[in-house]
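Computed from a prediction, not measured in an experiment: that's the story for all the values here.
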There are 2 protein chains.
Amino acid sequence: MTKATAPLTKGSSGSADEEALREAALEAADRLFYAKGVQGVGMDELRTASGISLKRLYRLFPSKDAIVEQVLLGRHRKWTEGVATAVARETQPRERLLAVYDFLASWFTEEDFRGCAFINSFGELGGTSPRVAEIVRSHKDDFQKYLSGLTAEIGAPPSLAPQLAILAEGAQTTAAISGSAEPARQARAAAEVLIDSALSRR
Amino acid sequence: MTKATAPLTKGSSGSADEEALREAALEAADRLFYAKGVQGVGMDELRTASGISLKRLYRLFPSKDAIVEQVLLGRHRKWTEGVATAVARETQPRERLLAVYDFLASWFTEEDFRGCAFINSFGELGGTSPRVAEIVRSHKDDFQKYLSGLTAEIGAPPSLAPQLAILAEGAQTTAAISGSAEPARQARAAAEVLIDSALSRR
DNA sequence: GATTGCAGAGAACGATCGTTCTCTGGTTGC
DNA sequence: GCAACCAGAGAACGATCGTTCTCTGCAATC
């Protein structure tokens, strides 16, 4: 009864399994780290949650730090994708910009929402882990550059993008701490004013 | 602070010393926690940094958690004071509001600036420590209420205060991560637009 | 069928965590 | 002078951390 699956050559078939396991491990790690903080989750807890033995975890990743790094990089990919998808649904440049805040609003209503994982990680580890600090910095830089592209679409001055970014960051932390999705709407309303003001002064 | 002599009415003999020690311990704890995260600092490190023996530390405070709590409450006092002082220097209501962002700007240039301790603590411990989450929440709530008072001075609609708060929060995290004080000026510029827009629509 | 290799489960390791206890030496009260 | 007490330094404690190792049993190879 143990021969039912994967009777192929094991040399190359293990790689696909490995990738699936890696993915499962990262998913569990992401969920745990996000909910309880990186240092609040031990490798044993990750083992239990993922169902992957410690030995295997350490064959998939060289260290916990590497898992943290991969989790953050995965979050970066998902965030970038999510924002881009939300923006792509709109055609008018102004609406495309505001779509960012609608994306935030729907994210904030997820029941396990606990703020921006990058801000959280920076607060916890930014002072002691240069690698984490670097990843967070480049994530935020990426977002600013993305906003710059969107503001350029409407011909707004370059000073608008950082202001809109600050609104987004503030909405994330405020929503996390207050436990409400309202900051997304408040930030959106503020963004409208800033955008319109920038456009009228163009 | 210049205190000449220990007041007799403050407490029994030895209490003044204890209070000074408690203050010194909290000062060291604040500096270390802020720089390296709460969980990144052990009690042994706090002992070394403060020069206060473990035995004494545990007579001054019942646990590390209590120290964390006191550090946060102390930060809250200092923040509230600092903002109020900066605001009090201005007389015109609009300038009083903007003084908040000038206060941020000068804070951001401090060399050991590493963001808002409350946001950082929330990211690290908010998911596991209800007490920390509560303190952070009430600190941010306090700030919002303070801003509400300032916006009421200029007769702006109540919707303005949360927007200005979001700008301040975003400026703090963005400045921390980017390592620049620029976000304070950007937030200030955005606040001006929001304030003037709110006033013209009044 | 014997041998080899590798998987999983979890015990074990050294380090460090928050917290407590022991030991020592000096001060105080009589 | 002597007993009682208390402060300080740091060892010790149990728990837990990230990481590695051992043990066991199964599967594949000659």
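- Residue L21(B) contributes atom CG, which lies 12 Å from atom C1' of dA7(D) at whole-angstrom precision.
- Going from atom NZ of K64(B) over to atom P of dT16(C) covers 15 Å, rounded to whole Å.
- Side-chain rings of W79(B) and F103(B) approach one another, their centers coming within less than 6.0 Å.
- With dG8(C), dG10(D), dT19(C) as the candidates, the nucleotide lying closest to the side chain of R47(B) is dG10(D).
- Remark: R185(B) fails to qualify as a cation-pi partner of F108(B) under the 6.0 Å distance and 45° angle criteria applied to the six-membered ring.
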For residues 147-161 of chain A, tabulate all N or O donor-acceptor pairs below 3.5 Å that involve a side-chain atom, not counting sequence neighbours.
unit_1  : atom_1 : unit_2  : atom_2 : d
S148(A) : OG     : Q144(A) : O      : 3.1
T151(A) : OG1    : L147(A) : O      : 3.2
T151(A) : OG1    : S148(A) : O      : 2.9
E153(A) : OE1    : R96(A)  : NE     : 2.9
E153(A) : OE2    : R96(A)  : NH2    : 3.0

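- Looking at the side chain of Y58(A), the nearest of the listed nucleotides dT19(D), dT19(C), dA9(D) is dT19(D).
- When the P atom of dC17(D) is taken as reference, atom CG of D44(B) falls 19 Å away, rounded to whole Å.
- Atom C1' of nucleotide dA9(D) and atom CG of L57(B) are separated by 13 Å, given to the nearest angstrom.
- The distance between atom CE of M43(B) and atom P of dG8(D), rounded to the nearest whole Å, is 15 Å.
- Rounded to whole angstrom, the span from the CG atom of L54(B) across to the C1' atom of dA7(D) amounts to 14 Å.
- Considering only side-chain N and O atoms, R56(B) lies under 4.0 angstrom from the phosphate OP1 or OP2 of dG8(D).
- The CD1 atom of I52(B) sits 10 Å away from the P atom of dG8(D) (whole-angstrom rounding).
- Taking 4.0 angstrom as the limit, K55(A) places none of its side-chain polar atoms (N or O) nearer than this to OP1 or OP2 of dG8(C).
- Nucleotide dG18(D) holds its P atom 20 Å from the CZ atom of R59(A), rounded to whole Å.
- Counting only heavy atoms from C-beta outward, the side chains of D65(A) and R131(A) never approach each other to under 4.5 Å.
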